[in-house]
A.B. asks: 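One structure follows; several queries about it will come next.
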Amino acid sequence: MSATSHSAGGHSADHGHDESKFQIYVQIAMLLAVITGIEIVAVFLPFPKWVLVASLVVLSLVKFLFVIFYFMHLRWDKPFCTILFFIGLVLASGTVWALLALFSAEASLPLPTS
Amino acid sequence: MDTTAKTAYLTKEDAVPAQPKLLAHPTAKTGLMSWLTTVDHKRIGFLYGVFALFFFLVGGVEALLIRAQLMYPNGTVLSAQMYNTMFTMHGTTMIFLAVMPLSAAFFNYIMPLQIGARDVAFPRLNAFSLWTFVAGAIVLNIGWIGPIFGVDGHNAPDAGWYGYSPLTSRQFTPGHSVDYWVMGLQLLGVASIAASLNFIVTIINMRAPGMTMMRLPVFTWMTLVTAFLIVLSFPAITIALVELMMDRNFGTVFFEVSGGGMPILWQHLFWVFGHPEVYILILPAMGIISEILPTFSRKPLFGYPIVVFSGACIGFLGFAVWSHHMFTTGMGTVATAAFALATMAIAVPTGVKIFNWIGTMWGGRLMMRTPMMFALGFVWMFMIGGFSGVMHSAAPADTQQSDSYFVIAHFHYVLIGGSIFALLAGIHYWFPLMFGRKVSEFWGKLSFWIIFVGFNVTFFPMHFLGLNGMPRRTFTYDPNLGWNTANFIASIGAFVLGIGIAVYFAVMIYTYYKGEKVGRDPWDGRTLEWSIPNPPPEYNFRVIPTVHDRDAFWYEKNNREQIAAERAVAEKAEEAHGGIHMPFNSIWPFFASFGLLIVGIGSTAFEAKWDVPGIHWKLGLSLLGGLVTLVGIYFWSLEGNEGYHLHLDKDGKPVKGHGDDHGPAKH
Amino acid sequence: MRFVPSSLVRGGRFLAALAGLLLLSGCDFNFWRMDGHQSTMTAEGPVARSQLDLFYVTCWVTLVIFILVGGVLAYTMWRFRARTEADERAAPPPQSHGNPLVEIGLIGASVLALVIIAVPTLTAIWYTHDVPEAEKKNAYEVTATGYQWWFKFEYPAEQAAVDAAGAKTPLVTGNELVIPAGRPIRINVRTVDVIHSFWVPKLGGKIDMIPNRANFFWLQADKPGYFWGQCAEYCGDSHAVMRFRVIALDEKDFAAWKEKQLALARSVAAPAAPGAAAPVAALRAFKTNEVGVSAAFDRNPLEAWRARQVVEKDENPALIAQGRELFAAKTCNACHSVRGHGAMGVQGPDLTHFGARTTVGAGLIENNPEQLRRWLRDPESVKPGNKMAKAYRDNKISLSDAEQVALTAYLLSLK
Amino acid sequence: MSSHAASASIDHHHDPSTSTGIPNKKLLMWAFLASDCMFFGVLIATHLVYRLHPPAGGLDPKAVFSVELTSFSTFILLMSSLMMALAVTAIQKGNVRSCRWSLLTTIFFGMIFLGCQVYEFQHFVVDKKMTLSNSLLGTTFYTLTGTHGCHVAIGVLWLTLMYVRSFKPGAGSAQRTWLSHQSLHALALLAFLGLCLKVTLGLVHAIQVEPTFGAAVGHFVKAEFLALAGALAAVGACVWFARPRGPVAFGEANAIDVESMGLYWHVVDIVWIVIFTAVYLLEYL
Ligand code: HEA
Ligand code: HEA
Ligand code: CUA
Ligand SMILES: [Cu+2]
């Protein structure tokens, strides 16, 4: 579709990546689909649980990063956008982690239903 | 350098598209319509201030009723239920409807002036924040009507300002009070988040040339940190409130023990928000103090980078200490220890600020004007409040103090001695800039002393009350527990404090109409807001300044020729660009907020059953409100962020004929 | 930039100071002593003591810092203030920007001060968390349960008689927790409705009773004593008057008390023929929130408690029998249990040995005929919003003067 | 839509009128997304806390969930992200037509996702007997995925309005009626989307209840006749409203509007990536 555009010529050097963006996007979409497929298959494989959890986390992280850095342009934008988003991301993950840890502590287990 | 003009819609040169009547831009400059449609950050800031001060008085009257009830043991001024309503509304009002919007008033009014901008980044979003805040305030307070008309089940919120579950569930609070609280806070959250996003973008993107981040005035820095805290902590309470709302209305079991829910989760989610919230209340105050002390010491701030860094550090650490409000919930040793240590750590960056303020004064020449008095009062009182905070952080000792009057003493020292003192100082400090008049030194200082004495007489004895075992949130106490004298003194103090505040307000109102007129820059200020005429013109800066130093205006005053030459060049360039770009007024933000008000009232004040056959009020009004909001947003986006150009004459007055030029900006 | 008439300012300051002084001199300073019944400053057990010691550490450290920092601040304010018009007009002082060495030094000092607080904090966290290992065997376990707005205390180790046939159930009491002195008590805290908090200031800091959470706590009384307790988490209308007592007894007294408690409720033999009903005096009107504790009780509560353990001198068996019948007739037994008298209700406090308790209405008023009658006549006016008052409204319970007297006599006979 | 001289100089990675060079709208969006992390963080934490400490006798998610459907909608959402990214590139080159098509496809995929979710919810409620209020799993699951669904719905609404917005007549046009024109266009498009959703669900339902495919089609046509007709009418109206009417006030200068909307849409996608793993996949271990 982008091939129908006839304004690309007007853009200067820093727009050199535009030509290939279509390719990049499609390739990444394929990659994301493949990773999702792997994830779905992985959960049914007979590996130790921690291996699977770790690999699921890593795979999702990879997907996550691809989307934000390519689809969402962070890779081509000013680093400040990345910093801004990561402030929220880091604090949110920290809070989620802390909450899970707090609730897993022995003192916080819910009462056994008798 | 015109920063607001960038986002014009048109692809064809300056031709005007046919504009339907509905999207005609409101042009009223005076009267009610001008206030409802304004997008001027100064007017919006002013409105924030007026609403906040009103609610400060409301919260204050609630506090006085509390103190009247507790003046003698077994007091009978209020019924138990009324007392509970009173402290809940007092806390909620003071925090969400007084201190936060008063800070927002300064953010709005002062921050764009300090960075040399003509407005905030999204003027209409700013108006939307203001009116949504008003909608939230109305919903929160609408329950007062119930008791007045004797309607059962419709009273003001009474579950405490942190509304611990499961007391807030349908089972234990069957009436509508908690619904008002939930919806009110929800709307206030929307307003605060929207406003803060706006401030973040403004500070990062709308700075005048040369205004690097490390040249930002400290108040602006603290605005930025506060905005980040709001944006990152309000989601926690928003979600918690959604969960509570679902529990109350849709039968979910988030906090229902019968379904396996854990009420403790509410506490965690609330304080994940709640602790950053208290820094949301104090950081703007610290920013104000960091402006006033240098000005009246006639010296730059001592250790600027460290002050800025410690502010950010406080903000960040503030997310890691929430459970210090839960030391008595049996978290286990490790968690308790971790949160106790993290809490203590916050004393370090806070201490840094205190030290640097003293450093600022050291070797300076202290001009004891009224704002300076309040600022010094702040430093002393905040220090005391901070120390009792550190005492709380020693978890085992805190199990004796928590939920006692020791906590009440701690947080009133940081909230009144801290936030309120600084905000009152700020009003004094910027009053000449806003209104071109100055408060009389005598009356200003008199009100300071009454407030200062009244405050200490009220709250210092509460430390002893707390250590002597008086629990908070108690509408009555027996005379045999040794609390009578201290309570009596505290109540007397509260009335003295009330008189002080009454004097303060009387003086302000008098000054607004009759006060001594002053010219530009009456305090020999150091930051850019003092470089413009007072009261500030609609467009703020005739020419966007170029910044060369941290104390930008101080530098200008010492390098007049250089600046004058720069200005002349810049003014020409700007005129060649088409003049000063101003955004159009708009009614749509108000309209959208009004829709939210309908949602707020509709979803809370009505039962979920079909009370009149065929009319489901709760659902109907909520949908209607949602629709109104949607329509508001739709037109808001269709009308586009166009504006007009101003051309000024020699005195800075807009030239007639050009002022209403509807030509869209194009650069 | 003109200086304000300083005489006016001075005058204002003077007046304010005078007003403050007058205000303070009008009061006696007993609040400095902080020795009330709920004082946290008079620790009477090891847990409270460790918390108090820690409090003193934080207090002294911050006080010293306050004196140091405040001293410098005061000096700065005094030394560098503009005194004269000439000062005001003079050129600004040198525009210095900061001093990293000073900053780092002060940060280091702050950290050091915090370490002084942190170390005892950590020790105390672990010490107060649970009964020390060495004493675990000696610990006595009870369960405290919060209700809106009263406390139930359970002794899982003690088996009390339920009926004459010999059925047993763990011992339950209400609002007054009797414990052995000198022994660590491990308390499991539970709630049936909202969050409450268990707080006996002289014995130790509080612990919240949270739904779906197995919180526990320990404390120990050094010697026999009578201690005030209070619910310390806002729990609705009557939170302020949700109180309780802890009575610590030496081993002998405790054993005696226990023995009595484990027995069925005391039955007073009814006379063969009911006598004519005695004329009953009307109860005087009480003011809202009126105090319900006598000075004598307040002076020596433990003695008052002991006095309550013995049977009343002028018991009236006829009245008591009538009260016992009323207790069923007025559906009191739907909510209260009196072991051995056929009452098995669980929504209200156990009343099996109610006559031996010192307070009524969850530690609110003294347990004597007058106050008890006040409670029975109109619980709402004594304790706004309480559940028994609601039951009165819902079940349309109303008691005539004579019925109040009979019930009072009956309840006080339950030693 | 040809780009002309003035817009050729638009640089989509640098906005000279702001201090940082990042356009205001983009910055606003990123700040909002940082905040959104916290929203979903708290929601996900709630869900996980209750999954790690489930009440006794609670539902077993494995017996409720169906991986196939969820995987399918995950895939669809990923593809919609791709289309969104393409829409942004298109408008950055001033290619309005291509941008519109990409937007429509994104909307389409978004609707499929929503349809799957509606279907999934009703399947869980009706067949698996998991409701919002009968179990903690239902409570946290529906709230979390429902909130995400709301985000998707808002995104679809926004996309729709942006699509319609791209027809706003340009400078020099004297169409005084464009506002009503636009509103009706938006309405027609929304009606179409809603009806499609209904029709699709009707079809799935028919296939489920009827033994043969033929019978299902008959059932479906009978039951959804009005909705089908309405959808057809709506699509006709959309086509009619979208007819070319001269220059439009939408072009390269609006790239930033599309781009910030795109950021929002992608976040909907990444949140789903997390939910898919944390809520669905981990349960199968
Ligand atoms: C403006 C608001 C504000 C501020 C700034 C603070 C600041 C602090 N607060 Fe406070 N706090 C509240 C508002 C605030 N608080 C409120 C509203 C509540 C009650 C909520 C409720 O329950 O309703 C509360 C409750 C509260 C608790 C819970 C008490 C309980 O309920 O049991 C604790 C516990 O740790 C605490 C600690 C602290 C600490 C350590 C600081 C620190 O940030 C203070 C740091 C400052 C200093 C220490 C002074 C200056 C420093 C120096 C001069 C350096 C040298 C000093 C040392 C090395 C010690 N606060
Ligand atoms: C910024 C926040 C803020 C501020 C400014 C204040 C201000 C005051 N507060 Fe309060 N307070 C809270 C935040 C705040 N408070 C919170 C969060 C709680 C906890 C709530 C909860 O537990 O849920 C609380 C709780 C609280 C309590 C404990 C209630 C309880 O637990 O039972 C008390 C008791 O004394 C109290 C007193 C006061 C007083 C006397 C003032 C005074 O400073 C008020 C001064 C103002 C005026 C006096 C009014 C202005 C003057 C006039 C209107 C003129 C007319 C009057 C005269 C001429 C006399 N507050
Ligand atoms: Cu129970 Cu407060
Ligand atoms: Cu805190």
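No hydrogens, no waters, no symmetry mates; every other heavy atom, side chains included, goes into these values. Letters A, B, ... are given to chains in the order of the sequence lines, protein chains preceding strands, and every chain is numbered from 1. What you see is a predicted model, and the numbers here were worked out from it, not measured in a lab.
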A.B. asks: Shorter than 4.5 Å, heavy atoms on both sides: which option in B/V518, B/D403, B/D158, B/N456 has the most such pairs with chain C?
C.D. replies: B/D403
A.B. asks: For C/M34 and B/L465: C-alpha separation, side-chain torsions, deciding distance, then whether side-chain contact (heavy atoms from CB on, under 4.5 Å) applies.
C.D. replies: CA-CA 8 Å; C/M34 290 189 286; B/L465 276 177; over 6 Å; no
A.B. asks: For the CG atom of B/L481 and the NE2 atom of C/H37, what is their distance to the nearest 0.5 Å?
C.D. replies: 6.0 Å
A.B. asks: Does C/S294 have any side chain to side chain contact (heavy atoms under 4.5 Å, CB included) partners at least two apart in sequence or in another chain, and if so, which?
C.D. replies: C/A296, C/F297, C/E366
A.B. asks: For B/P396 versus C/A124, what's the shortest heavy-atom pair and its separation?
C.D. replies: CG-CB, 3.5 Å
A.B. asks: With chain B, which of C/L106, C/L122, C/V241, C/V189 has the greatest number of heavy-atom pairs at distances under 4.5 Å?
C.D. replies: C/L106
A.B. asks: Decide side-chain contact (heavy atoms from CB on, under 4.5 Å) for B/I264 and C/I210; before the verdict, give the C-alpha distance in whole Å, the side-chain angles of both, and the deciding distance to 0.1 Å.
C.D. replies: CA-CA 7 Å; B/I264 190 82; C/I210 300 172; 3.6 Å; yes
A.B. asks: With chain C as the partner, which of B/F296, B/F255, B/W554 has the greatest number of non-hydrogen pairs under 4.5 Å?
C.D. replies: B/W554
A.B. asks: Under 4.5 Å heavy-atom distance to chain B, tell me which part of C/D87 shows up: side chain, backbone, both or neither.
C.D. replies: both
A.B. asks: Output the option from B/I306, B/D551, B/V334 having the highest count of non-hydrogen pairs under 4.5 Å with chain C.
C.D. replies: B/I306
A.B. asks: Enter the distance from C/S238:OG to B/Q81:CD here, rounded to the nearest 0.5 Å.
C.D. replies: 10.5 Å
A.B. asks: Which one, B/G363, B/G160, B/A395, leads in non-hydrogen pairs under 4.5 Å with chain C?
C.D. replies: B/G363
A.B. asks: Specify which of C/Y127, C/F80, C/F66 makes the most heavy-atom pairs with chain B at under 4.5 Å.
C.D. replies: C/F80
A.B. asks: What heavy-atom pair brings C/L54 and B/A394 nearest, and what distance separates the two atoms?
C.D. replies: CD2-CB, 3.7 Å
A.B. asks: Answer yes or no: is there a side-chain heavy-atom contact under 4.5 Å between C/T76 and B/I358?
C.D. replies: yes
A.B. asks: With a 4.5 angstrom heavy-atom cut-off, is it the side chain or the backbone of B/P166 that approaches chain C, or both, or neither?
C.D. replies: both
A.B. asks: Using heavy-atom distances under 4.5 Å, tell me whether C/D298 contacts chain B through its side chain, its backbone, both, or neither.
C.D. replies: side chain
A.B. asks: Using modelled atom types only, decide if a donor and an acceptor are shared between the side chain of C/Q51 and the backbone of B/T399 within a distance under 3.5 Å.
C.D. replies: no
A.B. asks: So which residue, C/G204, C/G385, C/S197, ends up with the most heavy-atom pairs under 4.5 Å with chain B?
C.D. replies: C/G204
A.B. asks: What residue among B/Y164, B/F87, B/W161, B/Y162 forms ring-ring contact (aromatic ring centres under 6.0 Å, His included) with C/Y234?
C.D. replies: B/F87
A.B. asks: Where do C/H129 and B/G332 come nearest, in terms of heavy atoms and distance?
C.D. replies: CE1-CA, 4.1 Å
A.B. asks: Show your reasoning for whether side-chain contact (heavy atoms from CB on, under 4.5 Å) applies to B/L167 and C/I195.
C.D. replies: CA-CA 7 Å; B/L167 185 59; C/I195 301 178; over 6 Å; no
A.B. asks: With a 4.5 angstrom heavy-atom cut-off, could you sort out which part of C/A113 is near chain B: side chain, backbone, both or neither?
C.D. replies: neither
A.B. asks: Relative to chain B, which segment of C/P92 carries a heavy atom at a distance below 4.5 Å: side chain, backbone, both, or neither?
C.D. replies: both
A.B. asks: Looking at CD1 of C/I117 and CE of B/M391, how far apart are the two atoms once the value is rounded to the nearest 0.5 Å?
C.D. replies: 8.5 Å
A.B. asks: At a 4.5 Å cut-off on heavy atoms, which part of C/R79 comes close to chain B: side chain, backbone, both, or neither?
C.D. replies: neither
A.B. asks: Could you check which of B/R472, B/M262, B/Q401, B/Q171 has the highest count of heavy-atom pairs closer than 4.5 Å to chain C?
C.D. replies: B/Q401
A.B. asks: For C/D208 and B/T329, test the side chains for any donor-to-acceptor distance below 3.5 angstrom and give the result as yes or no.
C.D. replies: no
A.B. asks: For C/D193, is it the side chain, the backbone, both or neither that has a heavy atom under 4.5 Å from a heavy atom of chain B?
C.D. replies: both
A.B. asks: As an exercise, state the distance from CZ of B/F355 to OG of C/S110, rounded to the nearest 0.5 Å.
C.D. replies: 4.0 Å
A.B. asks: Flag the one option from C/E290, C/M209, C/R243 with the top tally of heavy-atom pairs under 4.5 Å to chain B.
C.D. replies: C/R243
A.B. asks: Which heavy atom in C/S39 sits nearest to a heavy atom in B/N468, and how many Å separate them?
C.D. replies: CB-OD1, 3.2 Å
A.B. asks: Has C/W126 got more than 12 heavy atoms of other residues, nucleotides or ligands less than 6.0 Å from its CH2?
C.D. replies: yes
A.B. asks: Nearest 0.5 Å, what's the CE-CG distance between C/M77 and B/L376?
C.D. replies: 4.5 Å
A.B. asks: Locate the shortest heavy-atom distance separating C/A82 from B/R365; write the atom from each residue and the value.
C.D. replies: CB-CG, 3.9 Å
A.B. asks: Look at the side chain of C/N212 and the backbone N and O of B/G261, then say whether any donor-acceptor pair between them is shorter than 3.5 Å.
C.D. replies: yes
A.B. asks: Among B/T474, B/T76, B/N480, which residue has the highest count of heavy-atom pairs closer than 4.5 Å to chain C?
C.D. replies: B/N480
A.B. asks: Relative to chain C, which segment of B/S165 carries a heavy atom at a distance below 4.5 Å: side chain, backbone, both, or neither?
C.D. replies: backbone
A.B. asks: Is there a donor-acceptor contact under 3.5 Å from the side chain of B/K299 to the main chain of C/P94?
C.D. replies: no
A.B. asks: B/W362 and C/Y75: aromatic ring centres closer than 6.0 Å?
C.D. replies: yes
A.B. asks: Quick one: do C/V111 and B/V348 satisfy side-chain contact (heavy atoms from CB on, under 4.5 Å)? Show the steps, please.
C.D. replies: CA-CA 7 Å; C/V111 173; B/V348 176; 4.1 Å; yes
A.B. asks: Do B/N356 and C/E103 pair up side chain to side chain, a donor and an acceptor below 3.5 Å, judged on atom types alone?
C.D. replies: yes
A.B. asks: Please flag which part of B/Y477 lies under 4.5 Å from any non-hydrogen atom of chain C: side chain, backbone, both or neither.
C.D. replies: backbone
A.B. asks: Of all of C/D53, C/V47, C/V69, which one pairs up most often with chain B through heavy atoms under 4.5 Å apart?
C.D. replies: C/V69
A.B. asks: Checking heavy atoms, do the side chain of C/A74, its backbone, both or neither come under 4.5 Å from chain B?
C.D. replies: both
A.B. asks: Looking at side-chain heavy atoms only, is the closest gap between C/T58 and B/H392 below 4.5 Å?
C.D. replies: no
A.B. asks: Is it the side chain or the backbone of B/S297 that comes within 4.5 Å of chain C heavy atoms, both, or neither?
C.D. replies: backbone
A.B. asks: Is chain B contacted by the side chain of C/A43, its backbone, both, or neither, given a heavy-atom distance below 4.5 Å?
C.D. replies: neither
A.B. asks: With no hydrogens and no angle check, do the side chains of C/Q38 and B/W483 hold a donor and an acceptor under 3.5 Å apart?
C.D. replies: no
A.B. asks: Are the side chain of C/T40 and the backbone N or O of B/L467 linked by a donor-acceptor pair below 3.5 Å?
C.D. replies: yes
A.B. asks: Look at atom CH2 of B/W380 and say whether more than 12 heavy atoms of other residues, nucleotides or ligands are closer to it than 6.0 Å.
C.D. replies: yes
A.B. asks: Check B/A340 against C/T121 and note the closest heavy-atom contact, atom names and distance.
C.D. replies: CB-CG2, 4.4 Å
A.B. asks: In terms of side-chain geometry, is the basic nitrogen of B/R369 or C/E88 positioned less than 4.0 Å from the acidic oxygen of its partner?
C.D. replies: yes
A.B. asks: Nearest 0.5 Å, please: how far is CG in C/L73 from CE in B/M361?
C.D. replies: 5.0 Å
A.B. asks: Report the option among C/L114, C/V102, C/N99, C/L52 that has the most heavy-atom pairs separated by less than 4.5 Å from atoms of chain B.
C.D. replies: C/L114
A.B. asks: At a 4.5 Å cut-off on heavy atoms, which part of B/F387 comes close to chain C: side chain, backbone, both, or neither?
C.D. replies: both
